[in-house]
There are 2 protein chains.
Amino acid sequence: MSGMSPPVRTSEELRAHNRARLLRAVHDTGAALTRAQLTDRLGMARGTASVLVAELSDAGLITESPAEPPSRGRPSHVPGPHAEGPVALTIHLREDGWQLATGTIGGELSVLEEETHQGEPSRVFPEIADRIAAHRERLGHRLVGAAVSVAGPVVNGNLLHVTHLRWEELDVSGWLGTAGIPVRIANDATLAALAEARRGKLRGLSTALHIHVDFGVGGCLMDEGRPLTGARGIAGEYGHMRLTGSTRPCDCGAEGCWGGEVGAVPMLRRYGVAADYRQGRAALARLLRNAADGEPEAVAVLDATADSLGRGIGGLVNAHDPAAVTLSGIGVDLLHRARDTVTAGYRAALMRYHLDDPPPVLPADLGVRGPLVGAMELVFDEFITPERLTAWHQHHAAGDPTGDPRQ
Amino acid sequence: MSGMSPPVRTSEELRAHNRARLLRAVHDTGAALTRAQLTDRLGMARGTASVLVAELSDAGLITESPAEPPSRGRPSHVPGPHAEGPVALTIHLREDGWQLATGTIGGELSVLEEETHQGEPSRVFPEIADRIAAHRERLGHRLVGAAVSVAGPVVNGNLLHVTHLRWEELDVSGWLGTAGIPVRIANDATLAALAEARRGKLRGLSTALHIHVDFGVGGCLMDEGRPLTGARGIAGEYGHMRLTGSTRPCDCGAEGCWGGEVGAVPMLRRYGVAADYRQGRAALARLLRNAADGEPEAVAVLDATADSLGRGIGGLVNAHDPAAVTLSGIGVDLLHRARDTVTAGYRAALMRYHLDDPPPVLPADLGVRGPLVGAMELVFDEFITPERLTAWHQHHAAGDPTGDPRQ
DNA sequence: CGTTTATGCTCGTGGCGAAAACATAAAGGA
DNA sequence: TCCTTTATGTTTTCGCCACGAGCATAAACG
């Protein structure tokens, strides 16, 4: 359950590799397991775990705190985040504002800042870079990475498109360069999927699918806890497949796209409301409220969308054969208010091989926090590697447990 | 480029792991690299490679033969398959017959038998099991695994469906149990994809897509050389997605399936020919020939199918973002005879983010041998692991280089 | 207050790969 | 013909690693 690493070759790499495995296990289990449980789970000898924990602890990567003794026997300790340990900085950029949060080993997330913006990229991104730079000043070497979640495809980790903000092919690397550290930028649906696979309903599943419905539709296929992002990083654009038989032209250049049938934009269109992105969220809330109150037009929109959602998911299940499907965003509303319609559409689109025991379609556990949590996982996936941990160790072995990492 | 392995923990596992890496490199490069090149590629010290090669050689896994000296310096040796080394048995089952082949380290394949059958599963599978058992007798411990390729989904590695043969939910494990060794059974499109990713045009690509068009359509998404087969092993049924806006009901229970628009069955339907699977292949050959001769009806069928093929591929590229797409089966004919139509449909379905530099759509290198090659890779992926290699070594360390593996 | 149970620590042991020195096998040049 | 150059394979030394047995520690139990 993590990113890839180069193969282990030498004895030294073995130590680094096992250190990373241990820290990874602490992180992935939410800093809840005792040292004895970790030792057991990783199949290590007690002596080995002893050395590794001591090393990680000395380097300021973890702290051991006493565990409440569940029974007899010598009490164990629970390795958890260190007060001076590594920090991941994450930002969730939405159409009218952004959130900034920090995360620590174990997955604890703290939202520190919330701001609004006017949709002007040349102002938004430098501002974000400034905020990151400020936290970099504050955190020093503790800041091990930063990641930004955005609601659109990110080509090759850089070129950004957000249709409903009219952001087209934004080259953000320049704007974010002033942050002082590399800043990853990734699609919000991909990050939500990553979060769900690590700390939500998709955890432990070999193949799983997450779908995020907002203004449009996006998602990500997860394989053994890893997101499949494609050759350029823009996989998962399920909203631009013709999954429901529609022929309507789409902004993307194709026609019949699923995202033209499912999401806030098509729902408001069906409802007869012209709303730009600023009014969109409020208008959609009204639509959902009216549907809950039984207004026939609103209910009809909900049902039509729920049917399209179900059918699209069915097609994707035929293609990917996931063990489960989770939904976030409006998908959750559709599931709660029109579950039967979603299910009917879903089953109608499934191959018969799936009908006996169809993969469950579930609301995601992490909800609106998904993109932030996923961004944190992205940062820690890059940090919890033999190489990065060895570098961290070297900066702390020189008797400099708090200062900057200078060579 | 291989399957997954449990994490390395101890020094002993390190040795086993490096042995497997070396043998894997020999296999993946087609036994073409010299020992010095392998040492370099794997980043090993010369002494380490010396020991590993000696071990693999002593165990009868590889033989070293002299390489032609390309320049000055001490001549090197090329590790290749051992005359008494491991053998993979592969079978490609088609609607009217089957082929049996063996493969060795390095990927050399020899077709040994070809038979016809009458489509009666209770006869076909026991016959195949018998043939495997016979080769098991002949090969003894050298036979390290067997795999069968079939033209339909295989649920959980066992329940088999081949629509055009009216094979429904065949539980083949019983029939194949008499082979005496575990026999894997897998979808032909998946295996063709695996072959293409290891020894064809998809080699070395992070994310890639292979699509096989025969009576219907299937495929497989490849990630870092590994096939993504889903939770039950039936991923890649792209033929059962509604990718082209059709509404025609499909045998699978859904409607509008891509496989109802692309493949031999819909082509013959459009051509007005009623043909069961026995006549189907011949009828399709006539259709293709007539199209080549310029017969308007045949050309129209080809064009309509090529357009659907291109549009479907476009949708799948939007979803998966592969670095390249390869085609096998009728897909190659469509590409050769109606490339412009395929391309036009493809581009019409692509999101604009892909239009600048669309992933190439190419005929597969391995063609009809794809499923056999892929089946061999499947067997060797299970064999070239630290655990299996250590077991092989133990049977050969007891001074019994040719005999049966008895404890 | 000794026993039981569970966990952590210390140290001896076997194994591994790196690196360097040495050996080997060809081609080139004088 | 013979020495030099180049490339590769082999042997040996060395530092590092995880294992595992035995011992130490820290609670609960009776």
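Chain letters run A, B, ... following the sequence lines, proteins first and then strands; every chain starts at 1. All of these numbers come straight from a predicted model, not from anything done at the bench.
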Acceptor/donor pairs from residues 37-46 of chain A side chains to any protein atom, 3.5 angstrom cut, sequence neighbours excluded:
| from | atom 1 | to | atom 2 | distance (Å) |
| --- | --- | --- | --- | --- |
| Q37(A) | OE1 | T34(A) | N | 2.8 |
| Q37(A) | OE1 | T34(A) | OG1 | 3.4 |
| T39(A) | OG1 | R35(A) | O | 2.7 |

Subject >> Partner residues of A101(A) under the side chain to side chain contact (heavy atoms under 4.5 Å, CB included) criterion, sequence neighbours left out >> reply: T90(A), L109(A), V111(A), L372(A)

Original post:
With sequence neighbours excluded, what pairs up with A146(A) under the side chain to side chain contact (heavy atoms under 4.5 Å, CB included) test?
Top reply: L89(A), I132(A), I181(A), V183(A)

Subject >> Under 4.0 angstrom between S50(B) side-chain N/O and dG9(D) OP1 or OP2 >> reply: no

**OP:** Spell out protein contact along nucleotides 16-22 of chain D as letters: B when the base is contacted, S when just the sugar-phosphate is, - when no protein heavy atom is under 4.0 Å; keep the 5' to 3' order.
**Re:** SBSSB--

Subject >> salt bridge (Lys or Arg N to Asp or Glu O under 4.0 Å) against R15(B), all qualifying residues, sequence neighbours excluded >> reply: E55(B)

Subject >> For R184(B), salt bridge (Lys or Arg N to Asp or Glu O under 4.0 Å) partners two or more places apart >> reply: E382(B)

Original post:
Tell me: CZ of R74(B) to C1' of dA25(C), nearest whole Å?
Top reply: 6 Å

**OP:** Take the protein atom NE2 of H77(A) and the nucleotide atom C1' of dA6(C), then report the distance between them rounded to whole Å.
**Re:** 12 Å

Original post:
Hey, is R203(A) close enough to D365(A) for a salt bridge, meaning N to O under 4.0 Å?
Top reply: no

Original post:
Looking at residues 32-42 of chain A, who's got a heavy atom less than 4.0 Å off DNA chain D?
Top reply: none

**OP:** Taking side chain to side chain donor-acceptor pair (under 3.5 Å) as the test, write out the residues that go with R142(B), two or more places apart.
**Re:** none

Original post:
What residues form a side chain to side chain donor-acceptor pair (under 3.5 Å) with H82(A), not counting sequence neighbours?
Top reply: none

